[in-house]
Amino acid sequence: MKTILFGIVSLTYTVFRRKILNVRLPIFITDRCNSKCLICNIWKKEPKTDLDVEIIKEILRDKVITNFTSFLIAGGEPMLHPKCREILSLFQGRNYLFLSNGILADRLIDLVREFRIKSLALSLDGPPETYEKMRGVDCYSHVEKVVDELKSDDVDIYVNFVISPWNTREDFKHVIEFCKKHGVYLQSGYYENMEYFDTTTPAGKLYNITDLLSCPPLQSKPHRYFDLYHDWISGSLKIPCFSVLLRPVIRPNGDVELCEGKATKLGNLYEQSLGEIWHSKRTAELQRRYIRCNACWADGQRPMDVRISSLLKTFIPSRLLNRFFGKCDWNKIPLLSIR
């Protein structure tokens, strides 16, 4: 019950006070990458771009950021930012998840220990042969080395698996066993054809994994996100995109975008502060327009949307929710347990 009440207070405070609260603010600090992934073409981008350290300082000082704001530091490969160490020093004492491909294993291990990184996500697509096929490099053993070295340290390790057209349920089973063997968390989501990453291969209808998620401690996202995927992909599920109200996405060139799924630009941090962009009339107009968007099932957004939909449905009749957010499939959204 306390968790639900905190969720209601946080949602209200975030929407009406226009603060970025207890949701991860994604900051893509560079588009440099040492992998050649099928699921992402960021490594092909030219010229390479790095977010200026002074811009990151301004983000952290901005009034829309609170002591409760959490962050995602990502790339590309964030360690390839020329001033990665300086950036990590800025985030010391803050709540953030560092997302790496783990290829530069020794450097990553050193950084985690030096800067006492508390949450680390590593990409893994299946056994070595699948990893090499999807990433274009033979570095499965590098990821395993990072996990082996750090699993006894004071760091939460998440192994990130992307359900995609290039891997299978058997690959997912392998990663589940990998997580069990090493005692780390499993984090997974669905491949999306996203504008920013220049991907062109449509996802299609991806395979079902809900029956494999029988061990909750391994899975960091709620099962509802996976349970509802096939309703969404078949076109029989529509829920609001609450994520656009809660936080934007920051790119290496300073662009502030509405969400991860669309390259909808709100402004640029080299021209305006994050607060000015977040409080602008343009942002408010785009939020009103895209809260009814149902175009993706991105793991950075839709689990949050499912949780909020469940929260609202628990306390508000569906007819009122439809009045506010348009006609949605509230009957398919499970109620939250209030115990």
Side-chain angles (χ1 to χ4, degrees), residues 7 10-12 14-16 18 20-21 23-26 28 39-40 72 74 162-164 189-206 221-222 224-251 255-268 274 277-313 316 318-334:
S10 297
L11 178 61
T12 304
T14 302
V15 172
F16 291 101
R18 305 293 292 150
I20 299 172
L21 203 57
V23 291
R24 281 203 175 102
L25 173 63
F28 292 81
I39 59 173
C40 167
L72 170 67
V162 179
I163 303 159
S164 79
Y190 295 95
Y191 163 78
E192 289 287 338
N193 193 358
M194 294 186 179
E195 292 179 45
Y196 175 74
F197 296 109
D198 295 333
T199 51
T200 56
T201 303
K205 187 174 182 179
L206 298 170
K221 288 188 175 64
R224 294 185 297 274
Y225 165 71
F226 301 97
D227 293 340
L228 295 172
Y229 166 75
H230 282 82
D231 285 332
W232 173 80
I233 194 65
S234 67
S236 63
L237 175 68
K238 180 181 179 182
I239 63 173
C241 185
F242 293 107
S243 307
V244 298
L245 301 177
L246 303 180
R247 55 102 175 104
V249 177
I250 297 170
R251 301 300 187 187
D255 280 350
V256 179
E257 296 180 350
L258 183 67
C259 67
E260 294 179 56
K262 287 184 171 63
T264 305
K265 183 178 173 179
L266 305 177
N268 187 280
L274 180 59
I277 294 169
W278 190 238
H279 290 139
S280 70
K281 289 183 179 179
R282 171 177 168 76
T283 294
E285 289 169 0
L286 288 169
Q287 287 173 324
R288 284 193 294 270
R289 184 191 310 172
Y290 283 104
I291 194 173
R292 298 187 180 186
C293 180
N294 195 50
C296 80
W297 204 248
D299 65 296
Q301 299 180 184
R302 299 308 258 170
M304 193 187 324
D305 298 334
V306 172
R307 285 195 295 270
I308 294 172
S309 296
S310 298
L311 175 66
L312 293 177
K313 180 185 172 181
I316 303 174
S318 296
R319 66 180 184 278
L320 293 180
L321 292 173
N322 282 332
R323 183 175 299 178
F324 283 111
F325 304 113
K327 188 173 177 58
C328 294
D329 299 300
W330 302 101
N331 61 310
K332 295 185 178 180
I333 304 294

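All values below come from the heavy atoms of this structure, side chains included, with hydrogens, waters and symmetry mates left out.
- Contact detail for T283 and W278: the closest heavy-atom pair is CG2-O, 3.6 Å.
- Interatomic distance, CD1 of I239 versus CG of D329, reported as 9.5 Å (0.5 Å rounding).
- Nearest heavy atoms, L321 versus L312: CD2-CB, 3.9 Å.
- Residues C328 and P240 meet the side-chain proximity criterion, which asks for heavy atoms closer than 4.5 Å.
- With values rounded to the nearest 0.5 angstrom, I233 atom CD1 is found 8.5 Å from K205 atom NZ.
- Residues V256 and P248 approach most closely at CG1-CB, 3.5 Å, considering heavy atoms.
- Using modelled atom types, no side-chain atom of T199 and backbone atom of C40 make a donor-acceptor pair closer than 3.5 Å.
- Within the 3.5 Å criterion, the main-chain N or O of P26 finds no donor-acceptor partner in the side chain of R247.
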Please step through side chain to side chain contact (heavy atoms under 4.5 Å, CB included) for the pair W297 and L237, ending with a clear verdict.
CA-CA 11 Å; W297 204 248; L237 175 68; 3.8 Å; yes

Decide yes or no on side chain to side chain contact (heavy atoms under 4.5 Å, CB included) for V244 and T264, but give the supporting numbers first.
CA-CA 11 Å; V244 298; T264 305; over 6 Å; no

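- None of R302, R307, Q301 except one satisfies the side chain to side chain donor-acceptor pair (under 3.5 Å) rule with D305; the exception is R302.
- Between G204 and Y229, the closest heavy-atom pair is O-OH, 3.5 Å.
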As a quick check of understanding, evaluate side chain to side chain contact (heavy atoms under 4.5 Å, CB included) for T201 and Y191, giving each step before the final call.
CA-CA 10 Å; T201 303; Y191 163 78; 3.8 Å; yes

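- A salt bridge does not link E192 to K262: none of the charged nitrogens lies less than 4.0 Å from a carboxylate oxygen.
- R224 and D227 are not joined by a salt bridge, as no carboxylate oxygen comes within less than 4.0 angstrom of a charged side-chain nitrogen.
- With rounding to the nearest 0.5 Å, the separation of CG in L311 from CD1 in I333 is 12.0 Å.
- For K238 (side chain) and G326 (main-chain N/O), no donor-acceptor pair under 3.5 Å exists by modelled atom type.
- Distance OG/S280 to CG/L266: 6.5 Å, rounded to 0.5 Å.
- L258 and Q287 make their closest contact through CD1-CG, 3.9 Å (heavy atoms, listed as atom of the first residue, atom of the second, distance).
- When ring centroids are compared, Y225 and Y190 come within the 6.0 Å threshold.
- No donor-acceptor pair under 3.5 Å is formed between the side chain of H279 and the backbone N or O of L274.
- The side chain to side chain contact (heavy atoms under 4.5 Å, CB included) test with F242 singles out one residue from V306, I308, V23, and that residue is I308.
- Across all non-hydrogen atoms, the minimal contact from F325 to R292 is O-NE, 3.4 Å.
- Between atom CD1 of residue I39 and atom CD1 of residue I163 there is a gap of 11.0 Å, rounded to the nearest 0.5 Å.
- To the nearest 0.5 Å, atom SG of residue C293 and atom CG of residue L286 are 11.5 Å apart.
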